[in-house]
Amino acid sequence: MIRLGVLISGRGSNLEAIAAAIERGELEARIEVVISNRAEAAGLEHARRRGIPAVVLPSRGLDRETYDQMLLDELAKWRVDLICLAGYMRLLSASFIRAYPMRILNIHPSLLPAFPGLDAQHQALAYGVKFSGCTVHFVDENIDSGPIVLQAVVPVLDQDTVESLSARILAEEHRIYARAIAIVGSGKYRLEGRRVIFEPDPAQNNPG
Ligand code: GRF
């Protein structure tokens with residue numbers, strides 16, 4: 001059983017998707033705690049409705065090191081194995097990342113390394129790509145840059161707006177995040193350089 005800590009800042013639809021996958025028995029994990037740096041995050045309500053402990057740790061006005069130490073202290077109480085960033089809108093400090101080496105995942109709404117940072121769907125539309133998608137990756141000390149666990153691709157249609165493209169990508173986010181957690185939580189992968197190689201049978205775990 002993987003003990004998860006989920007960090008959010010807002011809507012929390014990925015949190016919902018992870019919780020739903022656990023409920024359906026597709027992911028052997030338990031969300032020990034949801035932590036939001038914003039009291040108004042809608043995702044807190046999703047968590048409470050499901051009986052998941054939901055903690056607000058307001059970040060406003062705190063420097064990164066101070067805040068991240070508070071986060072580390074809170075997470076330690078819940079003894080989580082894996083941290084999932086799900087729309088968590090703050091950068092993590094190097095000391096936080098070092099406390100959970102290869103144990104922090106993020107989901108990003110583009111096919112990394114294209115369009116890191118904010119407004120990835122807008123960036124994709126403005127650039128004119130014909131395909132975009134989403135990426136679950138390990139978090140390292142740079143922005144949206146750690147080794148990639150899973151990706152999913154969606155087409156960009158001529159009539160797309162940021163909203164319609166975001167919705168198409170979000171459906172894929174909800175599908176792949178739980179799968180990526182299952183892979184990482186099982187420990188059945190190895191790193192070759194930046195490449196995350198699934199074990200023992202890569203064919204069985206292939207994204208698709
Ligand atoms: C998602 O698009 C995710 O890829 C990005 O932030 C958004 C969070 O949405 N990192 P939600 O809060 O999970 O609904």
Side-chain angles (χ1 to χ4, degrees), residues 4-23 26-27 29 31 33-50 52 54-59 71 82-92 96-97 100 104-127 129 131-156 160-182 184 207:
L4 300 177
V6 181
L7 305 190
I8 64 168
S9 298
R11 180 177 55 182
S13 71
N14 278 289
L15 162 67
E16 271 285 281
I18 295 165
I22 293 171
E23 248 175 47
E26 293 168 12
L27 173 61
I31 303 176
V33 65
V34 171
I35 303 176
S36 172
N37 67 317
R38 294 190 185 143
E40 66 277 17
L44 289 164
E45 269 316 302
H46 297 318
R48 291 186 184 119
R49 219 179 312 118
R50 289 178 182 271
I52 300 169
V55 174
V56 179
L57 279 186
S59 57
L71 258 188
L82 190 63
I83 295 170
C84 299
L85 309 185
Y88 180 67
M89 299 303 288
R90 267 177 80 89
L91 296 178
L92 293 169
F96 185 100
I97 292 164
Y100 287 90
I104 310 172
L105 293 177
N106 182 43
I107 186 149
H108 182 77
S110 74
L111 294 173
L112 290 171
F115 315 128
L118 293 176
D119 300 324
Q121 303 94 333
H122 171 78
Q123 292 185 55
L125 270 185
Y127 195 94
V129 291
F131 291 91
S132 190
C134 51
T135 304
V136 179
H137 64 94
F138 288 103
V139 173
D140 67 10
E141 295 179 20
N142 298 306
I143 296 174
D144 298 328
S145 80
I148 290 169
V149 182
L150 286 180
Q151 292 186 305
V153 178
V154 305
V156 179
D160 264 336
T161 59
V162 170
E163 289 68 34
S164 63
L165 177 59
S166 299
R168 193 174 307 118
I169 292 172
L170 194 63
E172 292 301 300
E173 294 185 33
H174 295 166
R175 196 171 65 80
I176 68 170
Y177 209 170
R179 292 179 58 196
I181 293 166
V184 172

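Order of listing sets the numbers, starting from 1, for every ligand and every atom in it. Only a predicted model underlies this, so the values are computations on that prediction, with no experimental measurement involved.
Here the OG atom belonging to Ser110 is positioned 7.0 Å from the CG atom belonging to Asp144, to the nearest 0.5 angstrom. Distance CG/Leu71 to CZ/Phe96: 5.0 Å, rounded to 0.5 Å. Interatomic distance, Asp140 CG to Leu92 CG, rounded to the nearest 0.5 Å: 11.0 Å. Distance check: His174 NE2 to Leu15 CG gives 9.5 Å after rounding to the nearest 0.5 Å.
In this structure, Gly12 counts as a contact residue of ligand 1, since one of its heavy atoms falls inside 4.0 Å of the ligand. Using a non-hydrogen distance threshold of 4.0 Å, Ile107 registers as a contact of ligand 1.
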**Asked** Given Arg11 and Glu16, is the salt bridge (charged side-chain N to carboxylate O under 4.0 Å, His left out) satisfied, shown in steps?
**Response** CA-CA 9 Å; Arg11 180 177 55 182; Glu16 271 285 281; over 6 Å; no

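Protein heavy atom at the shortest distance from atom 1 (C) of ligand 1 is Glu173 OE1, 3.1 Å. Annotation: atom 9 (O) of ligand 1 to nearest protein heavy atom, Arg11 NH2, 3.0 Å. Atom 8 (C) of ligand 1 has Gly87 CA, 3.5 Å as its closest protein atom, hydrogens excluded (heavy atom only).
By the 3.5 Å distance cut-off applied to N or O atoms, Ser13 is counted among the residues near ligand 1.
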